[in-house]
Amino acid sequence: MFPGWWQVVAALVLQAASSASVFTAYSVVAVPLQEAFEPSRMMLMMGVTVAALAAGTLGPPVGMAVDRYSVRLLMLLGTCLLGGGFFVLSMVQSMDQVVVVYLVPLALGCVLTGPVASSALLARWFSRRRGLAMSLAASGAAVGGLLIPPLLQALIDAFEWRAALRIYGIGLFLVSAPLVGLLVINHPAQRGLGPDGDQQHAADASTAVRETGLGMGHFLRDANFWIFAIVLGCLLSAPMGLVSNLLPLVLEKDIGAQQGALLLSITAGAGFLGKLASGIIADRVDFRVMLAAIALAVALAMFGYADATAFPALVAYSALLGFMQGGVVPLWSLVLAREYGAANMGRSMGLMGLMIMPFTLVAAPLFGWVHDRFGSYDPVLLAYALVVALSCVLIAMLRAQPGARALSAEL
C-alpha cells in the first residue's frame with residue numbers, strides 16, 4: 001500500500017486523541033475537579049478556556065517549526081506532552097494548577113499532534129487525492145469525540161479519578177507514540193516517492209524538501225489570505241455559537257432536554273459525514289463554489305433555527321448545519337496547500353488559525369449576551385444568517401487559481 005495512507009491513519013488517530021482528550025472530554029474531567037476543589041463555575045471552565053487560547057496562539061510558531069523541522073519528532077514530542085499532561089493532572093492540588101496543566105503541556109501537545117502538523121504532513125504526501133486524505137484525517141476529531149469521553153468516564157467510574165487520569169495518560173502515550181514512531185515519514189522523498197506515490201516526481205519531491213518557506217509577512221500582505229480567513233471565521237463561528245447554546249435554545253421552543261441532546265448528536269454525526277464528503281468533492285470542484293454552497297446552507301440553517309418550532313424541522317436543520325460545518329476544516333487545509341504549497345502548510349495554517357480564533361471565541365458568549373439583552377436567540381440567529389450569506393461576496397473576490405509559489409511546490 002502507498003505509504004501515504006499510513007500517514008493518514010497516523011494523522012486520524014492523533015487528531016482523535018488530541019482534540020477529544022483536551023477539549024471534548026473536558027466536561028468529563030470537570031466533574032471530579034468540581035468535587036475535589038469546589039471552584040466557581042467560571043473558574044472550573046478556565047482550564048478548557050486557556051487551552052483554547054493557548055492552542056490558537058501557538059499555531060503560528062508551531063506552524064513554522066513544522067515547516068522547518070521534522071514533523072515526526074514534533075509529533076512524538078506532542079504525544080509525550082499529552083500523555084505526561086494527563087499524568088501530571090492526576091497530581092494537582094488546586095484549580096490554579098489545573099489551569100497551568102491545560103495551558104502548557106496539554107495545549108502544546110494538542111497543537112503538535114493536531115491539524116496544523118497533520119495537514120502539513122499530508123500536503124507533502126498527496127496532490128491529486130489531497131482532499132480525500134485531509135478529510136479522512138480531519139474525521140479523527142469526530143471519531144475521538146464519540147469514543148474518548150465515554151472511555152474516560154468508564155475509567156473514572158472504575159477507579160478513583162486521579163488513578164483514572166494516570167491510567168489514561170500512560171495509555172494515551174503507549175498508543176500514540178509508537179504509532180508515530182512506526183508510521184510517520186516526514187516526506188515521500190525519503191522513500192524515493194513523490195506525492196500520491198508517483199515515481200516520476202521523486203526528484204522534484206526532493207527539491208521540495210529543501211524549499212525555503214515563505215515568511216509570515218508574505219501571508220499578511222496577501223489579500224486572498226485575509227479574505228479567506230474572514231470567510232472561514234464566519235463559517236466556523238456561526239455553528240459554534242448555535243451548538244454552544246443549543247439546549248437552552250430548544251428548551252425555549254418547548255422541546256425536551258433529551259430531544260435537544262439528540263440534536264447535538266445529529267449535528268456531530270452529520271459533521272463526521274461532512275468531513276468525509278468534503279475531501280471527495282474538493283478534489284473535483286472549484287473551492288469557491290464549495291465555500292459559497294456551505295455559506296448559503298449555513299445561513300439557511302441559522303434562519304431555520306430562528307423560524308422552526310417543530311422537532312422534525314430542527315432535526316433537518318441540525319443535520320444540514322453539522323454536514324456543512326464538517327466540510328469546512330478539510331477544505332481549509334486543502335485550499336492553503338494549493339495556494340501556498342506543501343512547504344508552507346504549517347505557517348499558513350497556524351497563522352490563519354490565530355486569525356480565526358477571535359471569531360470562534362466570541363460566538364458562544366455573543367449568543368448568550370443577545371439573549372440576555374433581547375430575551376430571545378432569534379436576533380443573533382438572523383444576524384448570523386445574514387452575515388454568513390453576505391460572505392458570498394467575499395468568496396467571489398477570492399483568486400480562482402493557486403499562486404505561483406504553490407504551483408512550483410506541486411510540480
Do the side chain of [X] and the main chain of [Y] share a donor and acceptor less than 3.5 angstrom apart?
{"X": "Ser391", "Y": "Leu394", "value": "no"}
{"X": "Gln325", "Y": "Gly271", "value": "no"}
{"X": "Arg347", "Y": "Asp67", "value": "no"}
{"X": "Ser278", "Y": "Gly274", "value": "no"}
{"X": "Arg191", "Y": "Pro3", "value": "no"}
{"X": "Glu339", "Y": "Val335", "value": "no"}
{"X": "Trp161", "Y": "Val29", "value": "no"}
{"X": "Lys275", "Y": "Val329", "value": "no"}
{"X": "Ser119", "Y": "Val116", "value": "no"}

How about [X] and [Y]: do any of their side-chain heavy atoms sit closer than 4.5 Å?
{"X": "Gln259", "Y": "Val250", "value": "no"}
{"X": "Arg124", "Y": "Asn186", "value": "yes"}
{"X": "Phe228", "Y": "Ile395", "value": "no"}
{"X": "Tyr377", "Y": "Tyr305", "value": "no"}
{"X": "Phe225", "Y": "Met355", "value": "yes"}
{"X": "Asp378", "Y": "Leu381", "value": "yes"}
{"X": "Leu82", "Y": "Ser18", "value": "yes"}
{"X": "Trp5", "Y": "Phe126", "value": "yes"}

(message) Please confirm whether the ring centroid of Phe303 lies under 6.0 Å from the ring centroid of Tyr317.
(response)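 Ring-ring flag for Phe303/Tyr317: false, centres at least 6.0 Å apart.
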Contacts under 3.5 angstrom, residues 163-177 side chains, donor-acceptor by atom type, not counting sequence neighbours:
{"unit_1": "Arg166", "atom_1": "NE", "unit_2": "Ser90", "atom_2": "OG", "d": "3.3"}
{"unit_1": "Tyr168", "atom_1": "OH", "unit_2": "Ser21", "atom_2": "OG", "d": "2.4"}
{"unit_1": "Ser176", "atom_1": "OG", "unit_2": "Leu172", "atom_2": "O", "d": "2.6"}

(message) Using the rule given for ring-ring contact (aromatic ring centres under 6.0 Å, His included), can you reason through Phe2 versus Trp125, listing the C-alpha separation, both sets of side-chain angles and the distance that settles it, and then say yes or no?
(response) CA-CA 10 Å; Phe2 171 50; Trp125 278 91; 5.6 Å; yes
(message) Looking at Met91, I want to see if its CE is surrounded by more than 12 non-hydrogen atoms of other residues, nucleotides or ligands under 6.0 Å.
(response)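 For Met91, atom CE is crowded (more than 12 foreign heavy atoms under 6.0 Å).
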Looking at [atom1] of [X] and [atom2] of [Y], how far apart are the two atoms once the value is rounded to the nearest 0.5 Å?
{"X": "Ser237", "Y": "Leu366", "atom1": "OG", "atom2": "CG", "value": "9.0 Å"}
{"X": "Leu398", "Y": "Asn224", "atom1": "CG", "atom2": "CG", "value": "5.0 Å"}
{"X": "Leu331", "Y": "Met290", "atom1": "CG", "atom2": "CE", "value": "5.0 Å"}
{"X": "Cys80", "Y": "Leu108", "atom1": "SG", "atom2": "CG", "value": "11.5 Å"}
{"X": "Met324", "Y": "Thr267", "atom1": "CE", "atom2": "OG1", "value": "13.5 Å"}
{"X": "Leu151", "Y": "Leu147", "atom1": "CG", "atom2": "CG", "value": "8.0 Å"}

Residue pair [X] / [Y]: nearest heavy atoms and the distance that separates them:
{"X": "Ala306", "Y": "Lys253", "answer": "O-NZ, 3.9 Å"}
{"X": "Ile148", "Y": "Ala16", "answer": "CD1-O, 3.4 Å"}
{"X": "Gln15", "Y": "Ala138", "answer": "OE1-CA, 3.9 Å"}

(message) Working note: Arg130 + Leu122, criterion side chain to side chain contact (heavy atoms under 4.5 Å, CB included); need CA distance, chi angles, decisive distance, verdict.
(response) CA-CA 7 Å; Arg130 183 178 286 161; Leu122 298 181; over 6 Å; no
(request) Would you please say whether a donor-acceptor pair under 3.5 Å links the side chains of Tyr340 and Asp222? (result)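 Asp222 and Tyr340 do have a side-chain donor-acceptor pair below 3.5 Å.
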(message) The test is side chain to side chain contact (heavy atoms under 4.5 Å, CB included); show your working for Asn344 and His218 and say whether it passes.
(response) CA-CA 11 Å; Asn344 300 288; His218 176 90; over 6 Å; no
(message) Under the side-chain contact (heavy atoms from CB on, under 4.5 Å) test against Cys110, which residue among Leu81, Leu14, Val22 passes?
(response)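 Testing Cys110 for a side-chain contact (heavy atoms from CB on, under 4.5 Å) against Leu81, Leu14, Val22 leaves exactly one candidate, Val22.
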(request) With side chain to side chain contact (heavy atoms under 4.5 Å, CB included) as the test, would you mind laying out the steps for Gln153 and Val31 before giving the verdict? (result) CA-CA 10 Å; Gln153 184 63 59; Val31 174; 5.8 Å; no
(message) Pair Leu220, Trp226 - check side chain to side chain contact (heavy atoms under 4.5 Å, CB included), show working.
(response) CA-CA 7 Å; Leu220 296 176; Trp226 283 93; 3.9 Å; yes
